[in-house]
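Single-structure report; data block below.
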Amino acid sequence: MLNYSSKELEKQWQLYWAKNRSFEPSEDFTKPKKYILSMFPFPSGRLHMGHVRNYTLSDAFARYYRQQGFNVLHPIGFDSFGMPAENAAIKNGSHPKKWTYDNIDYMKGEFKSLGFSFSKERELATSDELYTKFEQSFIIDMYEKGLLYRKKGFLNWCPSCHTVLANEQVIDGSCWRCDSDVVKKDMNQYYFKITEYGDELLSDLSKLEGGWPKQVLTMQENWIGKSNGLEFKLSFDEKSQERLNNKFDGFSVFTTRPDTIYGVSYAALAPEHEIVSYMIENSLLDKETIEKIKEMKNTSSIDRQKEKSGVALNLHVLHPLTKKSVPIWVANFVLMDYGSGAVMAVPAHDERDFDFAKKYDLPIKGVIKPFGGEFSADKPFTDVGELFDSEMFNTLNSKEAQAKIIEHFEDKKIGKKTTNFKLKDWGVSRQRYWGAPIPFVHCHDCGIVMEKKENLPIALPEDIVITGEGNPLDHHPTWKHCKCPKCGIDAVRETDTMDTFVESSWYFLRFCASPKNWQIEAFSKEQIKYWMHQGVDHYIGGIEHAILHLLYARFFTKVFRDLGYLEFDEPFGRLLTQGMVLKDGAKMSKSKGNTVDPDAIIEKYGADTARLFILFAAPPTQELEWNDNAVDGAYKFIKRFFERSVNVYKTDKIPTLEHSKLNKEEKFARKKVYEALVRAEDVYREKYTFNTMIAGVMEAMNALNLQSNSDVWSEGYWILTSIMEPVIPHTCWEISSQKFSFANLAPQRVVDEVFVENTLILGVSINGKARTEIEVSPDATNDVIIAMAKESASKWLEGKTIIKEIVVPKKLVNLVIKD
RNA sequence: GCCUGCGUGGUGAAAUGGUAGACACGGCGGAUUCAAAAUCCGCUAACGCGAGUUGUGGCGGUUCGAGUCCGCCCGCAGGUACCA
C-alpha cells in the first residue's frame, strides 16, 4: 500500500458506501440526532466550485457526527423548477423536463465522485409530480386560511422573461435573473400574506441570535423594515371638496416624526394615488399638469430617484391641529406602495421634503432646534432637539414629544399609533410553464374554486410548445379546460404556476419523511418532531439567500405551525453562510472565463484533494481564492499521509503507551497529535475553522515524522485518520480498513498526560517587549521565576530600576523598569 | 446616505488581552539523479555583517502588556436605499 492511487481508491470506497447503505439515517428515534443540510442546487447542468464548497462543508459535519454516534440526516435534492429549463428549451429545442432530469442525473454522478455522504434514498427533485402533489395541497390549505389571495395590482414585470417578479427578485430596478429593466404592470395575481407574519418574523429573529450570522439577522430585520408612527387624516377644505365633486373628504398619511407636526408646510401624493387618478379621469386638471403626472408615472424607479419633481394640484387640506391651510402637491418621491401613498411634508426636518421645498419655493418652518442652539433654515435639522412654535408641546425633547403628540391625536380621535412594514405580500404567480401549477379553477358561476385534493397533483402537460412568448399552459389546446370541481360546468384552469421559491420553502421538511411513506404523506408530525428538534442543526449555504429563501422558509414554517402540521417556530437553528469561491480575485463565472471545473480537478487529483484544499485554504465564511499550486500542495499532503502509514501496525485497539518512557521526539509527537484532537473538537462545536484543524494535523504529521516509535505512529494514525475522515474520507477509510478495522472511526479520548511538561519555556519581556526566554520547572515559585528572569535579562536591566514584576503562569514574565 | 463585515509577510492565512506571522503556497539553497520529474533536508516579515531596530490601514486612549478592547479617521467588500 505504498502507492497512493486516488482514482482506484476513491471509486472502491464509493462503491462500498453505496452497497452498504452507509449514509441512510436510522428510523430509531430514541437515538440522538443531527440534521445537517446544505442548500440544494438548481440542476443547471454541472456543479461549480461554490457547490463543491457547500457540500464539502456539510459532508464534514455529517461524517463527524456519524463518528460521534449520532443518527445523522444529510439529504440532498434538486430545486428543479425554474426559468433556465425553459430558456434552454427555447434555445436548444429541448424539453424542459428532459433537460432538467438529464442534468440531475449528471450532477448525481458528480456528488458520488466527490464522496458526499448524502442519503440516497431521500433524494428528490421539486419538479417530481409527487412533490407537486403535496405542495398543491398546502396551497389549498393556505388559501382556505386566507393566507393566499388574489388581487389586482401594479406588479413588477420582466419584459424579457415575460413574467411577474416578487419585490425580493427586483435588484436595483432590474430582474434578478436576466438583469433587464423591470416595468410596472397592472394585473391579477396571487399573493401570500407574509405581512401578517411581519411582526413574528421580526421578533423571532432574536431566537436565532448566536446560531445565525449577525449580518443575516440584520439584513432580514432591515428587509422587514418595521417602523412605528402616527397615522392621521388630512381633511380637504370646503373649496377643495367641491372641486372633487365631494367624492373625497381627505386622505390618510403616515409619519414616524409626529414631533414635527407643527412644521408641516405642504402635503404630497404619489402620482398613482387614487385622488390623482380621479382628477385625471374627470378632467379636473389642466393638460400641462396631466402631462407632467403621466411623465412621472412612466419614469422607472431608478430615474425617479435622480431628481425630485412635482406639480401643485390647487387643492388644500387643513392642518389637523392648527387648522391652517396646507397646499397639496403630487411628488415623484412619494411611493404608492408604502404607507398610504401620501405624506405630510416638513421641509425643516426632512431631507427629501427640504429638497422638494427648495425646488418649488415652498415655506420651510422650523419647529425643533438643537439643545441650546437655534434652528437654521439652511439645511434640514433631523437630530433630536427641543420643540418650539408647537403650542402646548413647546420645550419638550423631540423624542419624548413623539409619544405625547400621538397620545394627543388619539385623545382627540383624529389619528392613531400605527406600525408600517417595508415587507410586502409575496406575489407568487408566474406566467411560465416549468413550475408547479396553482391548483385552482375559474368557474363562471362559482368564481375561483379550489381543485379537490384527491385530484392532485394537477400535473404539467408534456406536449407543449415553448416559444418564449407568453405562457405555454395558456396556449395549450386542452390542458386548461376542465369541469368546475364545485358545480360541474365547463371551467378553466388557472394557468399561472408558482414562484420556485415556494418549493424551497418546505423541502427541508420533506426530507424528514421516511421514503416508505412518501406516497401517502408529505411528512409526519412525529418524524418532524424528531429531526427538526431545535431546527436543522447545521444549515449551510450562500449568503445570497440571506433574504429571499431564508425569509420565505421561516414564513412557511410559521404557517405550517398554524395549520397544525408542526409545533415549532423556526426551521434553522444554526446557519453557516459560506463565502464565495474566487479566482484571480473575482467570483468564478463563465462570462469572466475564470472557472475551475470540479470534474477536471477530480480527474487530475481526486475528490479528497479538492475537499482538503477547499477546507484548508480559508475559513468557511470567508471568500476562498482558488490557487492551483496550493491544490497541488493538498494532493502532496494526502499522498504523504497515505504513504507514511507504512509506519503503522495493524491493530483494532488504540495502542497504549507509557509516556514517561518515551524520548523527547516521541513525547512531542504524541503531544501534537492530541493537540490536533482538541482543536478538532472545538472546530465542530463552534468555530468551524477547518483550516486550523487541518493545520494541526499537519503539525502532528511533521512531529510524527521526527521519530520512529511504531507505537507512537500507530496511536497517532488512529487519531489522525479519525480527525481527517470528514475531510478526506476515501483516504481515511482505506487506511482505517487496512490498519484498524474501522474501529478508530469513533469518538476519541484525549489523554491528558501528554500535555504535562517537565520544563516550561517562559518568555521574558521588559516593559512588554519580548527580550529573552527562560526554562523553568513547572512547579517553580514566582520568586524563583523572577530571579531567573532577572538574570537572563540582566543585559537590559543594567542601571535601571524594576518597578513591577508580573508573572503570567505558563506564558511569560514581564519586568517593568525605569531609568 | 444608512446597516453589516473586513484591513496582518510575495500569497492563502494563524494568534482565550500575554514571545505576531502557526500551517501551507511560492521563492532561495542543498541532497538524490547521467539529467529531469518525484522525493527528502534547510532558509525565507522588513532593514542590518552583527548586537539590534522597525513592524498587524492611520491617529489617539485604556493596560504592566493591544493584531485583539474603546474613540475618531482612511480604505475595501457585501447588503440596502426617496420606506415618510
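Numbers restart at 1 for each chain; the letters A, B, ... are given by sequence-line order, proteins then strands. Keep in mind it's a predicted model, so treat the numbers as computed, not measured. Just so you know, these numbers use all the heavy atoms, side chains as well, and skip hydrogens, waters and symmetry mates.
- Ion pairing between a basic and an acidic side chain is recognised when a charged N comes within 4.0 Å of a carboxylate O; Arg352(A) and Asp355(A) show no such pairing.
- Nearest nucleotide to the Ile547(A) side chain, out of C83(B), G18(B), G79(B): G79(B).
- Heavy-atom nearest nucleotides on RNA chain B were determined for Val764(A) and for Lys308(A), and the one closer to the 5' end corresponds to Val764(A).
- Within 4.0 Å of Val808(A), counting heavy atoms only, lies at least one base atom of the nucleic acid.
- In G52(B) the O4'-C1'-N dihedral to the base is more than 90° from 0, which defines an anti nucleotide.
- An OP1 or OP2 oxygen of A22(B) is reached within less than 4.0 angstrom by no side-chain nitrogen or oxygen of Asn691(A).
- Pair assignment for G55(B) gives none, since no Watson-Crick or G-U wobble pairing has each distance under 3.5 Å.
- Comparing C82(B), U80(B), G78(B) by their nearest atom to the side chain of Trp223(A) picks out U80(B).
- Atom C1' of nucleotide G18(B) and atom CG of Asn782(A) are separated by 15 Å, given to the nearest angstrom.
- Rounded to whole Å, the C1' atom of U4(B) lies 35 Å from the corresponding atom of U54(B).
- Looking at Arg679(A) and Glu675(A), no side-chain N of the basic residue comes within less than 4.0 Å of a carboxylate O on the acidic one, giving no salt bridge.
- The salt bridge (Lys or Arg N to Asp or Glu O under 4.0 Å) check on Lys416(A) picks up nothing, with sequence neighbours excluded.
- Close to U11(B), at under 4.0 Å from its OP1 or OP2, lies no side-chain N or O of Asn629(A).
- Counting non-hydrogen atoms of neighbouring residues, nucleotides and ligands closer than 6.0 angstrom, the NZ atom of Lys365(A) exceeds 12 such neighbours.
- For U56(B) and G50(B), the C1' atoms lie 27 Å apart once the distance is rounded to whole Å.
- Here U63(B) sits opposite no nucleotide as a Watson-Crick or G-U wobble pair (both hydrogen-bonding atom distances under 3.5 Å).
- Ser765(A) comes within contact range of no nucleotide atom at all, as no heavy-atom separation falls under 4.0 Å.
- In this structure, the side chains of Tyr717(A) and Arg644(A) come closer than 4.5 Å at one or more pairs of heavy atoms.
- Heavy atoms of Asn705(A) sit under 4.0 angstrom from primed sugar atoms or phosphate atoms, though from no base atom.
- Across C82(B), U53(B), C64(B), the shortest atom-to-atom separation from the side chain of Arg352(A) is found for C82(B).
- At least one side-chain heavy atom of Leu57(A) sits less than 4.5 Å from a side-chain heavy atom of Phe690(A).
- Distance from the side chain of Ala770(A) is smallest for A20(B) among the nucleotides C40(B), A20(B), C23(B).
- Under the 30°/60° scheme for interplanar angles, the aromatic rings of Trp329(A) and Phe356(A) are found to stand perpendicular.
- Rounded to whole Å, the P atom of U62(B) lies 39 Å from the corresponding atom of C49(B).
- Between Leu704(A) and Leu720(A), the closest side-chain pair of non-hydrogen atoms falls below 4.5 Å.
- To the nearest whole angstrom, the two C1' atoms, one in A14(B) and one in U68(B), are 13 Å apart.
- Among the nucleotides C23(B), A13(B), G52(B), the one closest to the side chain of Ala618(A) is A13(B).
- Look at NZ on Lys800(A): it is 17 Å from C1' on C64(B), rounded to the nearest Å.
- Among the heavy atoms of the strands, none lies under 4.0 Å from Ile694(A).
- The phosphate of A13(B) has OP1 or OP2 within less than 4.0 Å of a side-chain N or O from Gln622(A).
- Across all strands shown, G42(B) forms a Watson-Crick or G-U wobble pair, both distances under 3.5 Å, with C28(B).
- At the heavy-atom level, Pro619(A) lies under 4.0 Å from the strands shown only through sugar-phosphate atoms.
- Remark: U4(B) base-pairs with A77(B); criterion is Watson-Crick or G-U wobble with both hydrogen-bond distances under 3.5 Å.
- With a 3.5 Å ceiling on both atom-pair distances, C34(B) lacks any Watson-Crick or G-U wobble partner.
- Closest approach to the Gln215(A) side chain among C23(B), A20(B), U4(B) is made by U4(B) (side chain taken as heavy atoms from C-beta onward).
- Here the nucleotide nearest the side chain of Thr256(A), chosen from C41(B), C23(B), A84(B), is A84(B).
- Contact annotation: Arg771(A) side-chain N/O to G65(B) OP1/OP2 distance is not under 4.0 Å.
- A close approach under 4.0 Å does not occur between any side-chain nitrogen or oxygen of Lys811(A) and OP1 or OP2 of G18(B).
- Between the C1' atom of A81(B) and the NZ atom of Lys422(A) lies a distance of 7 Å, rounded to the nearest Å.
- Note on Asn222(A): every side-chain N or O is 4.0 Å or more away from OP1 and OP2 of C83(B).
- The listed nucleotides are C83(B), C23(B), A20(B); the one nearest the side chain of Leu335(A) is C83(B).
- Straight-line distance from the CG atom of Asp355(A) to the C1' atom of A84(B): 14 Å, rounded to whole Å.
- The side chain of Lys769(A) approaches U54(B) more closely than any other nucleotide in the set C64(B), U54(B), C25(B).
- Between Phe254(A) and Tyr338(A), the ring planes are perpendicular. Angles over 60° get that label, and only those under 30° would be called parallel.
- Atom pair Glu623(A):CD and A77(B):P shows a separation of 10 Å (rounding to whole Å applied).
- Across the protein-nucleic acid pair, His349(A) atom NE2 and C82(B) atom P stand 24 Å apart, rounded to whole Å.
- Note on Gln305(A): a side-chain N or O is less than 4.0 Å away from OP1 or OP2 of C82(B).
- For Lys795(A), a side-chain nitrogen or oxygen approaches OP1 or OP2 of G52(B) to under 4.0 Å.
- In this structure, Ile766(A) atom CD1 and U53(B) atom P are separated by 12 Å, rounded to whole Å.
- Residues Thr382(A) and Asp350(A) form no side-chain contact, since every pair of their non-hydrogen atoms from C-beta on lies 4.5 Å or further apart.
- Residue contacts shown for Val334(A) include a base, since a base heavy atom lies under 4.0 Å away.
- Taking the C1' atoms as reference points, A45(B) lies 13 Å from U11(B), given to the whole Å.
- Base-pair partner of U16(B): not found among the strands shown (Watson-Crick or G-U wobble, both distances under 3.5 Å).
- Look at CZ on Phe641(A): it is 19 Å from C1' on U39(B), rounded to the nearest Å.
- Of the listed nucleotides (A84(B), U19(B), C82(B)), A84(B) has the atom at the smallest distance from the side chain of Ser227(A).
- The residue Trp796(A) sits close only to the backbone: its heavy atoms come under 4.0 Å of sugar-phosphate atoms, none of a base.
- Taking the C1' atoms as reference points, G57(B) lies 7 Å from G75(B), given to the whole Å.
- For the P atoms, the distance from G71(B) to C76(B) is 23 Å, rounded to whole Å.
- Using a 4.0 Å heavy-atom distance criterion, Glu544(A) is classed as making no nucleic acid contact.
- Contact of Asn814(A) with C64(B) (side chain to base): a donor-acceptor pair of N or O atoms is detected under 3.5 Å.
- Using atom C1' as the reference point in both U63(B) and C70(B), the two lie 12 Å apart (nearest Å).
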